[in-house]
J.: 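Structure in structure tokens, see below.
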Amino acid sequence: MAHDPRAPTFCRACLQTWRAGLDRTGTDADPCPACSLPTLRTHPELFDLDIAHIDCDAFYASVEKRDNPDLRDKPVLVGGLSNRAVVTTACYVARKFGPRSAMPMWKARELCPHAVVIKPDMAKYRAVGQQIRDLMLEVTPVIEPLSLDEAYLDLTADTRLDVTRPPAVQLAALAKRVRAEVGISISIGLAPNKFLAKLASDLDKPRGFAVIGAAEAEAALAPMKVSKIHGIGPQTAKKLEAGGVTHIHQLQAMADEELRQRFGKFGDRLSLYIRGQDPRRVTTDRVAKSVSAETTFHDNMARADDLVTAVAPLCDRVAQRLADKGVAGQTVVLKLKTADFQSLTRNRRLATPTNDVGVLLSCAEQLIRREADGRSFRLIGIGLADLTEATSTNAQPDLFGG
């Protein structure tokens, strides 16, 4: 970011702040006057922004590298061990060769044959997630988890626990604690709302700290590809690109009515997003009739074993959301979308409510194997409906989930 001598500045390393900016020229890569490290952050709205999105960097792979230092500089893929499985997480070393999450393992191994493949250890990842959430709770009680490794934080003055330091500085301090006490790194997006915060957290990975202010939001979004917008999946992005719409500035030029015609109900929200606006609040508790999670595949899948592997982390995510809310569900809901965009929903009513990941995964596998008849699928989702308060017989530990 180009330096503005009037803009507030702070150092991510030593946490020194300069509210009136620094008398310097250059960029944020300049050394900090206090600690000499190139870890300065400057932005006109830096100390006024208070909505953050935190995302762990290559979470599962980072935990495995933490626990086995011999893997530090090696490409690591976390996922099923068979070629028919999918990649759950690819570390940043592996990503240089092409592997990505949700990619078939055979393809990832073809791109990176020297990668170390590790089977997921969800219990370990949940424990690490809980550690990180505990550290977040020392900053603000208003946390909205999205998954084991990411969450929104509300650091407005009436919610954060420390009002003496700007949210930006507290987030940098949190990142240092996660690194020192947990042993992995996080990336931070700071903005005036959730949409921009989530977008920002992905701009400077790994170990990122990106800021998008309200004044610059529309201009900052304009050159970005439409696929950067949360809610526009790969297939929708491909359709838009086929129609000549590749970047957000092209959406910004459309009237609201045209956005509605193209995107239906989502068009109303999209008209706000493309202008950097988002009225949603960070919420810790939501009134919901069901809890679900889904993923769109990088490549379509047909094999039952592949679909079961892909749904496993989704089951874990749903189970942890239920446990976090203190509820259980009695109806398992499987969602599939075929390669030609036909949506299928299959339900199974349980004898008693549950939030047990094993029960959910077992039911999901049975439903999947009934539907895996050779058709190719581009999306899978799993959920529990008919929610009720969890009891001692079905409750799970309150771990960090989203």
Side-chain angles (χ1 to χ4, degrees), residues 52-56 59-60 63 88-89 101-102 120-137 140-154 186 194 197-198 201 230-231 280-296 308 310-335 345 347-350 352-365 367 379-402:
H53 179 262
I54 290 179
D55 193 11
C56 298
F59 182 50
Y60 295 176
V63 173
T88 303
T89 305
S101 61
D121 184 344
M122 299 308 299
K124 178 168 66 173
Y125 306 148
R126 287 196 296 270
V128 175
Q130 179 62 53
Q131 284 183 273
I132 297 171
R133 187 178 186 188
D134 288 344
L135 294 176
M136 290 179 181
L137 287 170
T140 175
V142 185
I143 300 169
E144 183 180 333
L146 299 179
S147 64
L148 283 176
D149 62 336
E150 62 175 322
Y152 291 113
L153 277 67
D154 182 343
I186 62 174
K194 291 165 67 172
K198 185 171 176 62
S201 69
H230 181 62
R280 296 174 302 160
R281 298 175 61 86
V282 178
T283 56
T284 54
D285 296 300
R286 298 176 179 175
V287 177
K289 297 181 180 179
S290 64
V291 172
S292 62
E294 64 182 44
T295 187
T296 300
V308 171
V311 87
L314 301 181
C315 290
D316 184 82
R317 190 183 306 174
V318 169
Q320 293 309 307
R321 284 178 178 172
L322 291 165
D324 193 54
K325 296 174 185 296
V327 296
Q330 195 162 359
T331 301
V332 177
V333 182
L334 174 73
K335 176 182 177 182
T345 302
N347 303 323
R348 167 164 291 186
R349 179 82 173 177
L350 303 175
T352 58
T354 187
N355 57 20
D356 182 86
V357 66
V359 173
L360 181 56
L361 180 57
S362 176
C363 289
E365 180 173 1
L367 292 170
L379 176 148
I380 192 168
I382 193 69
L384 272 168
D386 298 328
L387 302 187
T388 186
E389 183 178 354
T391 67
S392 59
T393 59
N394 61 29
Q396 296 291 296
D398 184 15
L399 299 179
F400 177 30

J.: In chain order, what residues pass the ring pair (Phe, Tyr, Trp, His ring centres under 6.0 Å) check against Phe59, with sequence neighbours excluded?
T.: none

J.: With the side chain counted from C-beta on, respond yes when Val327 and Leu322 share a heavy-atom pair under 4.5 Å apart, and no when they do not.
T.: yes

J.: Before giving the answer on side-chain contact (heavy atoms from CB on, under 4.5 Å), spell out for Thr354 and Leu360 the whole-Å C-alpha distance, their side-chain angles and the decisive distance to 0.1 Å.
T.: CA-CA 8 Å; Thr354 187; Leu360 181 56; 5.9 Å; no

J.: How far does CG of Leu334 sit from CG of Leu314, to the nearest 0.5 angstrom?
T.: 10.0 Å

J.: Could you tell me the separation between the CE atom of Met122 and the CZ atom of Arg317, rounded to the nearest 0.5 Å?
T.: 9.0 Å

J.: side-chain contact (heavy atoms from CB on, under 4.5 Å), that's the test. Do Asn347 and Val332 meet it? Break it down for me.
T.: CA-CA 6 Å; Asn347 303 323; Val332 177; over 6 Å; no

J.: Which atoms form the tightest heavy-atom contact between Pro141 and Thr284, and what is the distance?
T.: O-CG2, 3.7 Å

J.: What pair of heavy atoms forms the shortest contact from Pro313 to Ala310, and how long is it?
T.: CD-O, 3.5 Å

J.: Just to verify, what does Ser201 make a side chain to side chain donor-acceptor pair (under 3.5 Å) with, not counting sequence neighbours?
T.: His53

J.: With sequence neighbours left out, write down each residue that passes side chain to side chain donor-acceptor pair (under 3.5 Å) with Asp55, or none if nothing qualifies.
T.: none

J.: Considering non-hydrogen atoms only, spot the tightest contact between Thr88 and Pro120 and give its length.
T.: OG1-CG, 4.1 Å

J.: Decide yes or no for Leu153 and Val142: does some side-chain heavy atom of the first lie under 4.5 Å from some side-chain heavy atom of the second?
T.: no

J.: Please name the residue in the list Ile54, Leu135, Asp149 that meets the side-chain contact (heavy atoms from CB on, under 4.5 Å) test with Ile186.
T.: Ile54

J.: Restricting to side chain to side chain donor-acceptor pair (under 3.5 Å), what partner residues turn up for Lys335, sequence neighbours left out?
T.: Glu294

J.: Find out whether Cys363 and Leu350 are in side-chain contact, i.e. whether some heavy atom of one side chain is under 4.5 Å from a heavy atom of the other.
T.: yes

J.: Please find the pair of heavy atoms, one from Ala364 and one from Val311, that lie closest to each other, and give the distance.
T.: CB-CG1, 4.2 Å

J.: Quick one: does Asp316's side chain have a donor or acceptor within less than 3.5 Å of a partner on Val357's backbone?
T.: no

J.: If I take atom CG from residue Asn355 and atom CG from residue Leu384, how far apart are they, to the nearest 0.5 angstrom?
T.: 8.5 Å

J.: Please step through side-chain contact (heavy atoms from CB on, under 4.5 Å) for the pair Ser292 and Val333, ending with a clear verdict.
T.: CA-CA 8 Å; Ser292 62; Val333 182; over 6 Å; no

J.: Taking only residues two or more places apart in sequence or in another chain, which ones pass side chain to side chain donor-acceptor pair (under 3.5 Å) with Asp386?
T.: Thr331, Arg349

J.: Under the rule for salt bridge (Lys or Arg N to Asp or Glu O under 4.0 Å), what residues qualify as partners of Arg280, not counting sequence neighbours?
T.: Asp278

